[in-house]
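Nothing here was measured: the structure is a model prediction, and the numbers come from that model. All chains are named by letter (A, B, ...) in the order of the sequence lines, taking the proteins before the strands, and each is independently numbered beginning at 1.
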There are 2 protein chains.
Amino acid sequence: MHTDLVAALDIGGTKIAGALVDGGGRLLVRAQRPTPARQDGETVMRAVAEVLGELSGSPLWGRAGAVGIGSAGPVDASAGTVSPVNVPGWRDFPLVDRVRAATGGLPVELIGDGVAITAAEHWQGAARGHDNALCMVVSTGVGGGLVLGGRLHPGPTGNAGHIGHISVDLDGDPCPCGARGCVERIASGPHIARRALEQGWRPGPDGDTSAAAVAAAARAGDPVAVASFGRAARALAAGIAATATLVEIDIAVIGGGVGKAGDILFIPLRKALTDYATLSFVRRLTVVPARMGTDAGLVGAAAAALSRAPDATAASR
Amino acid sequence: MHTDLVAALDIGGTKIAGALVDGGGRLLVRAQRPTPARQDGETVMRAVAEVLGELSGSPLWGRAGAVGIGSAGPVDASAGTVSPVNVPGWRDFPLVDRVRAATGGLPVELIGDGVAITAAEHWQGAARGHDNALCMVVSTGVGGGLVLGGRLHPGPTGNAGHIGHISVDLDGDPCPCGARGCVERIASGPHIARRALEQGWRPGPDGDTSAAAVAAAARAGDPVAVASFGRAARALAAGIAATATLVEIDIAVIGGGVGKAGDILFIPLRKALTDYATLSFVRRLTVVPARMGTDAGLVGAAAAALSRAPDATAASR
């Protein structure tokens with residue numbers, strides 16, 4: 001049987017999405033369940049099995065030659081386990097073995113969700129054609145992944161590119177991760193909103209205190225809202241510049257809710273990059289919004305699986 | 001003719017060293033000239049040509065199948081040019097073409113000096129056997145290089161691993177590179193000494209105000225000297241942790257004069273690493289002193305060249 005498709009799973013704290021994906025990145029069959037995130041590990045696994053069960057009911061299932069999983073982290077690709085922060089029932093949960101068993105022994109490729117988004121942007125999105133790229137998601141948290149030398153760089157455990165938890169302010173505010181001054185602690189949506197509120201910004205009549213509301217206020221000229229995005233932009237710029245200085249990337253792609261803020265984010269970000277990316281070999285670095293939509297996690301997981309499926313057309317690795 | 005050797009050049013602001021090196025990393029023939037760093041570019045090139053001329057006078061020269069160059073940066077491996085900060089006569093100087101011409105057309109491999117040190121430590125030193133490593137030189141400046149997935153990662157221009165100029169304090173002191181709060185601006189030898197002097201440390205009767213003198217004072221219990229090394233250790237820890245979080249390294253190797261400070265540096269550094277390297281996949285990171293001596297630049301340049309010399313036993317790439 002010709003195995004020209006892969007199964008993809010995108011596992012987050014809110015939903016578990018699955019799809020059968022072809023070598024061109026098209027999602028041919030989909031399935032989805034809410035993540036029973038507060039329940040025990042077997043209950044969460046049951047939701048995964050239901051998604052896979054629904055996919056395997058498709059007449060196309062027999063053409064699936066591998067499974068790709070992009071999971072909320074941390075993951076451990078070398079051990080085949082996941083410990084998503086927002087799914088406490090899964091700690092060192094042997095997801096790879098369980099998915100392999102549930103699919104009759106298909107090869108399984110596990111990567112972190114930031115790495116999956118990166119695989120998608122590199123295959124079909126804003127990082128396409130770039131051999132050295134950082135792709136980020138800036139929303140409730142800050143995640144990311146790297147393409148180096150034309151290939152996805154998941155690292156030995158599948159977590160590389162974790163830019164949200166590098167410190168750009170070594171004496172800064174404590175981060176829940178245990179460090180101080182992490183990019184996420186300054187630039188995530190909740191921290192953009194928190195900083196604006198602390199500095200005196202007040203929401204409109206709808207009471208919306210999200211980063212999107214701060215962005216709207218900034219676009220209307222509110223100086224406190226502008227300043228909070230400016231601070232986030234500096235932290236992102238320092239982190240992106242650090243990444244470029246360490247591994248030589250030529251593009252940074254920013255997705256997620258904060259990434260959708262547009263000029264309010266990108267104008268100060270591009271300006272701050274000129275302050276922090278100063279060495280000759282990083283000066284040509286550009287930063288652009290992400291192009292992939294909500295299917296990025298599935299498309300990226302598929303890209304990882306295609307690299308394992310011998311018959312499929314693996315475009316990205 | 002069997003080409004089982006390579007020629008190596010180590011080009012710095014003080015000296016230009018050369019050697020013929022075998023597949024086991026042994027330096028069989030050596031040559032050296034002072035760098036005429038304040039003179040024009042052709043004068044500097046003449047010193048390089050003299051080193052090559054001396055090597056080519058050896059009966060072993062005919063066995064050299066490639067040339068490896070580790071140069072003070074920035075370099076541009078893709079263009080084959082170098083612009084060492086401390087050699088103003090060389091700006092975008094076409095060193096690769098000139099060395100190729102001077103050696104009758106041998107293939108030439110150019111990398112930055114931090115990358116060369118890394119190649120040496122990975123081949124024969126403290127990073128041997130580690131597939132993912134950061135190697136650093138902490139002395140007058142702070143440089144470095146990366147091994148990723150078992151291979152040297154010079155990046156497209158040969159400058160990857162430039163950890164000295166990542167910002168770990170985005171509001172910190174201005175760095176000559178143009179950014180703020182760079183690792184080098186906090187952790188280099190001159191800045192360790194400057195900070196100690198500013199805080200009231202005074203040198204002994206010999207008037208020695210080097211970082212080595214501050215290290216001696218710290219070992220004797222001087223609290224200001226201890227604090228200055230502690231601050232350097234935190235900056236190094238934040239930078240090393242950022243690197244591990246971004247690309248998943250499991251060892252950091254520290255050489256250079258400051259790296260020789262011993263426990264005065266390594267005890268606070270290891271403690272600070274537990275503060276900044278907090279995610280599960282970076283917690284096993286270790287930090288150790290370099291093992292290679294003053295020949296590290298030559299050995300590393302040879303390692304890079306061996307990767308190009310088809311007949312030689314390339315151990316490192």
Side-chain angles (χ1 to χ4, degrees), chain A residues 73-76 78 83 92 112 131-132 134 144 146 148-149 151 153-172 175 177-182 186 231 234-235 237-239 241-250 272 274-282, chain B residues 73-76 78 83 92 112 131-132 134 144 146 148-149 151 153-172 175-182 186 234-235 237-239 241-250 272 274-282:
Chain A
V75 304
D76 185 342
S78 62
S83 311
D92 298 323
D131 283 348
N132 297 278
L134 166 69
L146 291 166
L148 298 179
R151 296 167 67 94
H153 182 80
T157 73
N159 291 289
H162 242 86
I163 191 172
H165 293 285
I166 71 170
S167 176
V168 290
D169 185 7
L170 82 171
D171 304 314
C175 180
C177 79
R180 287 180 175 273
C182 292
I186 303 173
R231 183 71 182 160
R234 288 188 75 76
T243 306
T245 304
L246 283 167
V247 294
E248 295 202 19
I249 54 166
D250 54 49
T274 66
D275 294 337
Y276 292 103
T278 59
L279 302 186
S280 56
F281 66 96
V282 298
Chain B
V75 304
D76 186 342
S78 61
S83 311
D92 297 323
D131 283 347
N132 297 280
L134 166 69
L146 291 167
L148 300 179
R151 296 167 67 94
H153 182 80
T157 74
N159 290 289
H162 242 88
I163 189 170
H165 293 287
I166 71 170
S167 175
V168 290
D169 184 6
L170 81 171
D171 304 313
C175 180
C177 78
R180 288 180 173 272
C182 292
I186 304 173
R234 289 188 74 76
T243 307
T245 303
L246 282 168
V247 294
E248 295 203 21
I249 55 166
D250 54 48
T274 65
D275 294 338
Y276 291 103
T278 58
L279 301 186
S280 56
F281 65 96
V282 298

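Closest of all the heavy-atom pairs between E248(B) and G155(A) is OE1-C, 3.6 Å. In terms of heavy atoms, C177(A) sits closest to L279(B) at CB-CD2, 4.1 Å.
Ranked by heavy-atom pairs shorter than 4.5 Å toward chain A, the options V247(B), D250(B), V75(B), L134(B) are led by V247(B). The candidate from I163(A), D171(A), T274(A) with the greatest count of non-hydrogen atom pairs under 4.5 Å with chain B is D171(A). Ranked by heavy-atom pairs under 4.5 Å with chain B, the first of G144(A), A160(A), G158(A) is A160(A). When each of I166(B), V168(B), I249(B) is scored by its heavy-atom pairs under 4.5 Å with chain A, the top score falls to V168(B). Of the listed residues (A238(A), G178(A), G161(A)), the one with the most heavy-atom contacts under 4.5 Å to chain B is G161(A). Highest contact tally toward chain B, considering only T278(A), V282(A), D76(A), is held by T278(A) [criterion: heavy-atom pairs under 4.5 Å].
With sequence neighbours left out, D92(A) forms a salt bridge (Lys or Arg N to Asp or Glu O under 4.0 Å) with no residue at all.
Residue contact with chain B, scored on non-hydrogen atoms closer than 4.5 Å, involves the side chain of H153(A) exclusively. At a 4.5 Å heavy-atom cutoff, the contact between T245(A) and chain B is made by backbone and side-chain atoms alike. L146(A) touches chain B through its side chain: at least one heavy atom from C-beta onward sits under 4.5 Å away, while N, CA, C and O do not.
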Does the pair L246(B) and L246(A) meet the rule for a side chain to side chain contact (heavy atoms under 4.5 Å, CB included), with working shown? CA-CA 9 Å; L246(B) 282 168; L246(A) 283 167; 3.9 Å; yes
Run the side chain to side chain contact (heavy atoms under 4.5 Å, CB included) test on R231(A) and L170(B) for me, step by step, so that the C-alpha distance in whole Å, both residues' side-chain angles and the decisive distance to 0.1 Å come before the verdict. CA-CA 10 Å; R231(A) 183 71 182 160; L170(B) 81 171; 3.6 Å; yes
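Atoms OG and CG, from S167(B) and D275(A) in turn, are 10.5 Å apart once rounded to the nearest 0.5 Å.
Between N132(A) and P156(B), the closest side-chain pair of non-hydrogen atoms falls below 4.5 Å. Within the 4.5 Å cutoff, side-chain heavy atoms of D169(B) are placed close to those of D169(A).
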